[in-house]
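The figures that follow rest on heavy atoms only: side chains count, while hydrogens, waters and symmetry mates do not. Computed from a prediction, not measured in an experiment: that's the story for all the values here.
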Amino acid sequence: EGIDVTHNPEFTMLEWYEAYSDAAKQRAFVAKLVKALVKHVCGKTSFVWNGETINVGPAFKTVKYLDLIKSHTLITDPANTTREDLTLKANQLGVAVEPGDSKEKILDSIYKKVCRPKLIQPTFLIDYPADYLPLAKRKSDNPDLVDAFQLVIGGVEIVKAFSELNDPVDQRERFEAQEKQREAGDAEAQRIDEDFLEALEYGMPPAGGVGIGIDRLVMLLTNTQNIKEVIFFPTMRPR
């Protein structure tokens, strides 16, 4: 975890897993939770952050990840664009690309620079490429995508969640693909976890898993622009 206005190594994360659940059920619960939290803290369903009035009262908008990139970047087919063309587009958009970055990493960098800042009102992003989230279950109607979502508010990612992958064969293949990306230079690629794979071989029920960045929620609800201001002992850059 690096250091910038929304990242700090000394962060607080709330995670939970619910057996016999999935991403859709967790998405409904997260929306209900955020609405209740804002109303409890602010006394109403809206608050001001970074000069914007954010309203959690209406139903949260849901957008497909690749459709969002397509609409804001004019990349006509993000899923099938070559790495070379994505790199060229990233350079045109002022997005840095490292030699070891995979297609999914480049797409994510473009999304973070160009698309995410425009998502001010609460928005769920769904339907991510399978290689983007190696621990998430594939969608039954499209195995190239995973059953996952993120919640973005005020241009800040608050929640990441998905239907947990419980197929040990698919999980091993996804881990091995991640290791190849790591060998190519992607330091953030997922490592193979043999203990986890063995546990899956014994059996794991379907489950929905959720992670919420508590510090970022506090940032939003206190109209604070830098995450280090809401952490008691934030990690600081060396002088």
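Proximity of I54 to P122: side-chain heavy atoms (C-beta onward) are separated by under 4.5 Å at one or more points. Q150 is listed as a side-chain neighbour of Y128, based on a closest heavy-atom distance under 4.5 Å. Here the side chains of L200 and D167 are not in contact, with every heavy-atom distance at 4.5 Å or above. Residues Y20 and E18 form no side-chain contact, since every pair of their non-hydrogen atoms from C-beta on lies 4.5 Å or further apart. The closest side-chain heavy-atom distance from I227 to R216 is below 4.5 Å. L119 is not listed as a side-chain neighbour of V63, based on a closest heavy-atom distance of 4.5 Å or more. Using a 4.5 Å cut-off on side-chain heavy atoms (C-beta onward), N223 and F47 make no contact. Considering only heavy atoms from C-beta on, I75 comes within 4.5 Å of I110 through its side chain.
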Checklist entry - Under the side-chain contact (heavy atoms from CB on, under 4.5 Å) criterion, do L135 and Q171 qualify, and how do the steps go? => result CA-CA 7 Å; L135 298 174; Q171 185 64 85; 3.6 Å; yes

Item to check | Test log, rule side-chain contact (heavy atoms from CB on, under 4.5 Å), inputs Q92 and K89 | outcome: CA-CA 5 Å; Q92 292 172 351; K89 189 65 177 180; 3.5 Å; yes

Next on the checklist: Go through it in stages, so that I can follow the logic: the residues are V97 and L86, the test is side-chain contact (heavy atoms from CB on, under 4.5 Å), and I'd like the CA-CA distance, side-chain angles, deciding distance and then a yes or no.
Outcome noted: CA-CA 10 Å; V97 176; L86 282 179; over 6 Å; no

Next on the checklist: Go through it in stages, so that I can follow the logic: the residues are Y111 and L68, the test is side-chain contact (heavy atoms from CB on, under 4.5 Å), and I'd like the CA-CA distance, side-chain angles, deciding distance and then a yes or no.
Outcome noted: CA-CA 8 Å; Y111 152 73; L68 181 73; 3.8 Å; yes

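By the rule that hydrophobic residues join a cluster once side-chain heavy atoms approach within less than 4.5 Å of another member, L66 and V95 end up as members of one cluster. Both L217 and W16 are part of a single hydrophobic cluster, where members link through side-chain heavy atoms under 4.5 Å apart. No continuous path of ILVMFWY side-chain contacts below 4.5 Å connects L33 to F162, so the two sit in separate hydrophobic clusters. Linking ILVMFWY side-chain heavy atoms closer than 4.5 Å, directly or via other members, places V210 and L37 in a single hydrophobic cluster. Under the 4.5 Å side-chain heavy-atom criterion for ILVMFWY residues, a single connected hydrophobic cluster contains both F29 and I126.
Heavy-atom minimum distance, F175 versus I192: CB-CG1, 3.6 Å. Contact record, V230 with M219: CG2-CG, 3.9 Å, taken as the closest heavy-atom pair. In terms of heavy atoms, M204 sits closest to N166 at O-ND2, 3.0 Å. Nearest approach of V146 to A136, heavy atoms of both residues: CG1-O, 3.6 Å. Heavy-atom minimum distance, T82 versus K103: C-CD, 4.5 Å. The nearest pair of heavy atoms linking R83 to E98 is NH2-O, 3.3 Å.
No donor-acceptor distance shorter than 3.5 angstrom exists from the side chain of D85 to the backbone of T81, with no hydrogens or angles considered. With hydrogens and angles ignored, the 3.5 Å screen pairs a side-chain donor or acceptor of D4 with a backbone N or O of H7. In this structure a side-chain-to-backbone donor-acceptor pair under 3.5 Å is missing from K180 to E176. In this structure a side-chain-to-backbone donor-acceptor pair under 3.5 Å is missing from R174 to L165. K113 places no side-chain N or O within donor-acceptor distance of the main-chain N or O of A96, the cut-off being under 3.5 Å. No donor-acceptor pair closer than 3.5 Å links the side chain of K139 to the backbone N or O of D127. The backbone N or O of M13 sits nowhere less than 3.5 Å from a side-chain atom of E15 that would complete a donor-acceptor pair. No donor-acceptor pair under 3.5 Å is formed between the side chain of D22 and the backbone N or O of G208. Put simply, the side chain of N226 never gets that close to the backbone of E229: no donor and acceptor are under 3.5 Å apart. The main-chain N or O of Q190 is found under 3.5 Å from a side-chain atom of Q178 such that the two form a donor-acceptor pair.
The OG atom of S140 sits 11.0 Å away from atom CG of L145, with the distance rounded to the nearest 0.5 Å. The line from CG of D108 to CD1 of I69 is 7.5 Å long, rounded to the nearest 0.5 Å. Going from atom OG1 of T235 over to atom CG of N8 covers 4.5 Å, rounded to the nearest 0.5 Å. Here Y132 contributes atom OH and K105 contributes atom NZ; the two are 10.5 Å apart, rounded to the nearest 0.5 Å. A distance of 13.0 Å separates OG1 of T123 from CD of E157, quoted to the nearest 0.5 Å. To the nearest 0.5 Å, atom CD of residue E183 and atom CD of residue Q181 are 10.5 Å apart.
Taking the charged nitrogens against the carboxylate oxygens, K137 and E164 have no contact shorter than 4.0 Å, which rules out a salt bridge. Between R172 and E194, at least one side-chain N (NZ, or NE/NH1/NH2) sits under 4.0 Å from a carboxylate O, which counts as a salt bridge.
Within 6.0 Å of NZ on K44 lie no more than 12 heavy atoms contributed by other residues, nucleotides or ligands.
Under the 30°/60° scheme for interplanar angles, the aromatic rings of F124 and F149 are found to stand perpendicular.
Judged as a side-chain hydrogen bond (donor to acceptor under 3.5 Å, both in side chains), the pairs with a partner in residues 46-68 (not counting sequence neighbours) are, in order, T45-N55.
Shown are T12, T224, T6; of these, the side chain to side chain contact (heavy atoms under 4.5 Å, CB included) with D215 is made only by T12.
R138 meets the salt bridge (charged side-chain N to carboxylate O under 4.0 Å, His left out) test with D170; sequence neighbours excluded.
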